[in-house]
Amino acid sequence: MADTDHRTMRRVLRQEMAGTIGLLADEDDFRAMRRYRSFTFDDHHTYLRQVEALLEARAAQGSHTTVALFDPEEYAAYCADTGIDPDTPASRARFAAELATGGATVPYDGRPLAELVPDLVDAAVRRATWEYASQVLARLGRCAVCGADIGHTTYTRAAHLLARILDTAPPGHRHLVCSVTAAPETLLAVLRADQEADGSHRFDDTEAMELTAVLAVGLATHRPGGLVMRTTAPGAPDRVYGWRLRGHGLEPLTAAEVFDAYCTDMDSGDLVAPESGVDYTAPPDLGDSATAPPHQH
């Protein structure tokens with residue numbers, strides 16, 4: 001009887017424990033891990049099926065599992081930095097636990113891996129974008145004239161611009177995209193927002209911080225970039241408008257420029273048919289806030 005009680009308690013405790021699985025979603029990453037003798041899988045598809053079965057089994061037991069992308073290069077660097085043997089399951093588990101605290105993760109919610117992996121990759125790209133943008137802003141240093149922290153000041157300026165853009169947008173659902181040219185890849189951030197009955201805005205704070213950081217990078221470095229807003233409301237056509245980054249501010253695109261951007265194939269340059277039920281328009285006036293410098297002396 002006592003032994004049964006102990007097994008019951010251990011089962012309950014297992015349900016209380018959260019776990020993290022470091023997923024080798026990419027076949028090249030999977031092949032890179034095969035250099036370790038303790039990594040016994042030899043087929044990527046079989047590996048993915050086994051991971052999915054494990055996730056399903058943990059969910060059936062009531063356990064919460066977080067999935068993270070496992071990068072072999074980062075893993076090797078982690079093992080070198082910490083002085084642990086990379087060719088052991090314990091080291092891989094330790095690295096996966098680190099990913100849970102500092103890496104891009106998504107909770108397992110019962111979906112097939114084929115549906116979950118794109119969200120996981122998107123989370124990783126978003127985190128990398130945030131980290132890169134934060135590093136760029138941190139390296140800007142202080143203004144030689146007034147001593148202000150340029151990165152912090154520009155981020156605050158970008159936040160004010162974002163608030164102004166949302167305040168002037170038509171009612172309904174808003175989908176805002178900010179892109180800034182950078183090396184090796186363009187920085188991209190997306191914010192989805194809805195207007196509440198009292199006029200306030202509902203959105204994901206993380207998305208807002210990411211978009212603000214990308215916008216701040218563009219403003220601070222004068223790199224080419226832009227913002228495009230699409231609003232959707234029942235009974236009305238969608239509205240699409242935007243701005244280009246120019247100097248320390250935003251320059252409104254004309255309706256014709258927005259139309260050309262949306263109705264031109266990016267690869268071939270050929271014209272494509274415009275969407276039905278969509279108005280390509282000039283943006284609302286943001287006032288002096290659109291062109292004011294980040295800080296004044």
Mind checking whether [X] and [Y] sit in one hydrophobic cluster, side chains of I, L, V, M, F, W, Y counted as touching below 4.5 Å?
X      : Y      : result
Ile84  : Phe39  : yes
Val177 : Met229 : no
Met209 : Val136 : yes
Val125 : Leu191 : no
Leu187 : Val190 : no

Looking only at heavy atoms, what is the nearest atom pair of [X] and [Y], with distance?
X      : Y      : answer
Pro284 : Tyr241 : CD-CE1, 3.4 Å
Arg142 : Asp149 : NH1-N, 3.5 Å
Leu55  : Thr65  : CD2-CG2, 3.6 Å
Leu176 : Leu211 : O-CD1, 3.7 Å

Side-chain donor/acceptor of [X] to backbone N/O of [Y], under 3.5 Å:
X      : Y      : value
Thr154 : Gly151 : no
Arg35  : Arg31  : no
Thr153 : Ile150 : no
Asp87  : Ser38  : yes

Heavy atoms, side chains only, cut-off 4.5 Å: are Val214 and Leu188 in contact?
->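 Heavy-atom side-chain distance check fails, nothing below 4.5 Å.
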Pairs meeting criterion ring-ring contact (aromatic ring centres under 6.0 Å, His included) with involvement of residues 193-223, two or more places apart =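 Residue pairs with at least one partner in residues 193-223: His222-His248.
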Go through the side-chain N and O atoms of Thr88 and Ser91 and say whether any donor and acceptor fall under 3.5 Å apart.
->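 A donor-acceptor contact under 3.5 Å links the two side chains.
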So, do Tyr47 and Phe30 have ring centers that fall under 6.0 Å from each other?
->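 Yes, ring centres under 6.0 Å apart.
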Donor-acceptor pairs under 3.5 angstrom involving side-chain atoms of residues 108-116: please list them, not counting sequence neighbours.
unit_1, atom_1, unit_2, atom_2, d
Asp109, OD1, Arg111, N, 3.2
Asp109, OD1, Arg111, NE, 3.0
Asp109, OD2, Arg111, NE, 3.0
Asp109, OD2, Arg111, NH2, 3.4
Arg111, NH1, Asp119, OD2, 2.8
Arg111, NH2, Asp119, OD2, 3.1

Relative to the ring of Trp130, is the ring of Tyr155 parallel (under 30°), tilted (30 to 60°) or perpendicular (over 60°)?
->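 Rings of Tyr155 and Trp130: perpendicular, as their planes differ by over 60°.
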When the ring planes of Tyr36 and Tyr75 are compared, do they come out parallel, tilted or perpendicular, using 30° and 60° as the limits?
->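 Plane angle over 60°, so perpendicular.
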Test: Arg127 and Glu131 ion pair at under 4.0 Å =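 Yes.
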Is it true that Arg239 and Asp279 make a salt bridge, defined as a side-chain N closer than 4.0 Å to a carboxylate O?
->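 A salt bridge is absent here (no side-chain N lies under 4.0 Å from a carboxylate O).
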